[in-house]
Amino acid sequence: WMRAHAEHAARTLAALPGRDAIRADLQRLDADAPTRVFEVMRTPGGWFYEERRAQDNQFRLVHRTTPTAAPRVLVDPEERRRATGQPHAITHYRPSPSGARVAYGIAAGGSEAATLYVSDVATGKELIAPIDRADYAVPAWIDEHRFLFTRLQALKPGMPETAKYQDAACWLVDLRTGRQRKLLDRTTGGIRMTRDESPFVEISPNGRWALATIYDGVRNELRLYRAPAAAFLAGQARWQRVAEPEDGVTRAAIQGDTLYLMSHKDAPRFRVLSLDLADRKAKPVVRVPETPHVLTGLVAARDALYLEVRQGNGKQLYRLGYDSGATPQRIALPFEGGFVLNGQEGGADAGDPRLDGVLVTLMGWTHGRQILQVAADGTVSDTGLQPLGPQDQPTDLETVEVMVPSHDGVKVPMTIIARKGAPRDGRNPLVLQGYASYGMTWEPSWVPTRRAWLDRGGVIAVANPRGSGVFGRAWHLAGKEANKPKLATRKVMPKRDEDPEDEPSRTNDPVRMYLR
């Protein structure tokens, strides 16, 4: 059935006039830059990133001793494809604290079922037998020899396949002995976790604290627990609750003995709290109060806490020193755009508590990605890891920010991208994009293949309706669950050439009512 529909779609598309020319344009524009770089991570032993060249099908894992040093490919999934005849892809990776070792996940055949590998960076030698059931393992290194990761349960005979994602647990791996053991699951005392939730545990850089984060895969809000690291690693932790989803915590970062929390409780545009981990009786205190702008992320570096703040569609970066009297200081970026500090591009955080400064991948509506390094003194420099292609800084395009009334009059922000001088008479073909769930916001970004549409007179519009997070928690809730948009309806009498059976139902069934 799927093959038949795919063949039908291929025939239909092939018959469209002008399709071959558009396809050729898309191929040319897609190869605009020689390589695309994502998920950059830095360590004292060098820089790691994933890259895909114009001719590649998959991303490769690459290492450089410095951003300008010669690159060395550590993992190339295409080698596995050539050996097995089956496509492979890197799902995640994490270097050890020094950068001497790297753990990474590989999935085959287009699946998300990853196997975890650990290699020596200098020699490429595998240091442990591959570990299965590591779909979203994301290793959290403790030192050069040990790391924690989340592992799915093994399916026993008779268990349904859907049980694969239940009862996930945190495991400890010791490379010196090859030993693997389970340290935390839903039966662990002091931890509240359902079968459908997953635990992720990290050890603070000073080695004193274990922080357990419990995810349900649906909410942004976290359930957090803390315990002394030594007791946890010995299997004797007395976990203490830090936050429940009702506390509105969506981000957490550790520096020294202090835990920093980003929360929307009593602050719809978020604020920063701090908690003294050394004092079991301490309560979180406000470190940065709510402001008129939306706090969207925070990471801890060695020198300071870095804050990601949204003002409209664009974002600004702030640095907050750890001294009690310090106030956030804005860091000037090369151009207005979007970036993400937490889990940047799906990878690691932009900051590392062991290193000064942060990495920022900055993008604009008409400006290609730049991977920037922000130093402790606020200096911003381009790492040069992401080369700009000929179409990554177009000068013949313009963007317009507008507020568009929704069906009930509420104004929704929208960005319009078009060729300069394009007539604004309502006759241009338009692609309208938007997303409105989970508080996620459509960030400024530029993709060179958009030119195939824009150069033919097309217009692109990007909206952030209620349900997104463009204006904070209240904007998210205004489009959540029962508050999802309800289109106005009206009764429509059938036209003379219509069958009366097609008349709208006299009931309130929205499926059968005509929508305006």
Closer than 4.0 angstrom, basic N to acidic O: yes or no for Glu221 and Arg251?
no
With the threshold set at 4.0 Å, does a side-chain nitrogen-carboxylate oxygen contact exist between Asp25 and Arg451?
no
Among Val201, Ile131, Val138, find the one that has a side chain to side chain contact (heavy atoms under 4.5 Å, CB included) with Phe149.
Ile131
Aromatic centroids of [Y] and [X] separated by under 6.0 Å:
{"X": "Phe200", "Y": "Tyr215", "result": "yes"}
{"X": "Trp442", "Y": "Tyr435", "result": "no"}
{"X": "Phe59", "Y": "Phe38", "result": "yes"}

Determine the interplanar angle of the Trp475 and Phe471 rings, folded into 0 to 90°, and report it as parallel if under 30°, tilted if 30 to 60°, perpendicular if over 60°.
perpendicular
Please state whether the rings of His367 and Phe335 are parallel, tilted or perpendicular, taking 30° and 60° as the class boundaries.
parallel
[X], [atom1] atom: more than 12 neighbouring heavy atoms under 6.0 Å:
{"X": "Gln86", "atom1": "CD", "result": "yes"}
{"X": "Arg424", "atom1": "CZ", "result": "no"}
{"X": "Arg82", "atom1": "CZ", "result": "yes"}
{"X": "Gln55", "atom1": "CD", "result": "yes"}
{"X": "Arg23", "atom1": "CZ", "result": "no"}

Using side-chain heavy atoms (C-beta onward) and a distance below 4.5 Å, is Trp47 in contact with His63?
no
Show your reasoning for whether side-chain contact (heavy atoms from CB on, under 4.5 Å) applies to Thr91 and Ile106.
CA-CA 6 Å; Thr91 59; Ile106 293 287; over 6 Å; no
With no hydrogens and no angle check, just 3.5 Å: does a side-chain donor-acceptor pair link [X] and [Y]?
{"X": "Arg369", "Y": "Gln386", "answer": "yes"}
{"X": "Asp196", "Y": "Gln166", "answer": "yes"}
{"X": "Gln373", "Y": "Thr383", "answer": "no"}

Would you verify whether the NZ or CZ of Arg151 falls within 45 degrees of the ring axis of Trp171 while also being under 6.0 Å from that six-membered ring's centre?
yes
Answer yes or no for Arg80 and Tyr117: cation-pi contact, defined as NZ/CZ to six-membered ring centre under 6.0 Å and angle to ring axis within 45°.
yes
Just how far is it from atom CD1 of Ile371 to atom CE of Met363, taken to the nearest 0.5 Å?
10.0 Å
Taking it one step at a time, do Asp352 and Arg302 satisfy salt bridge (Lys or Arg N to Asp or Glu O under 4.0 Å)?
CA-CA 7 Å; Asp352 187 327; Arg302 183 168 58 187; over 6 Å; no
Walk me through it: do Arg466 and Asp408 pass the test salt bridge (Lys or Arg N to Asp or Glu O under 4.0 Å)?
CA-CA 12 Å; Arg466 283 163 288 182; Asp408 56 357; 3.0 Å; yes
For Lys315 and Glu443, what are the C-alpha separation, side-chain angles and deciding distance, and is it a salt bridge (Lys or Arg N to Asp or Glu O under 4.0 Å)?
CA-CA 9 Å; Lys315 288 188 179 167; Glu443 304 282 349; 2.9 Å; yes
Please say which of Gln311, His293, Glu308 ends up in a side chain to side chain donor-acceptor pair (under 3.5 Å) with Gln316.
Gln311
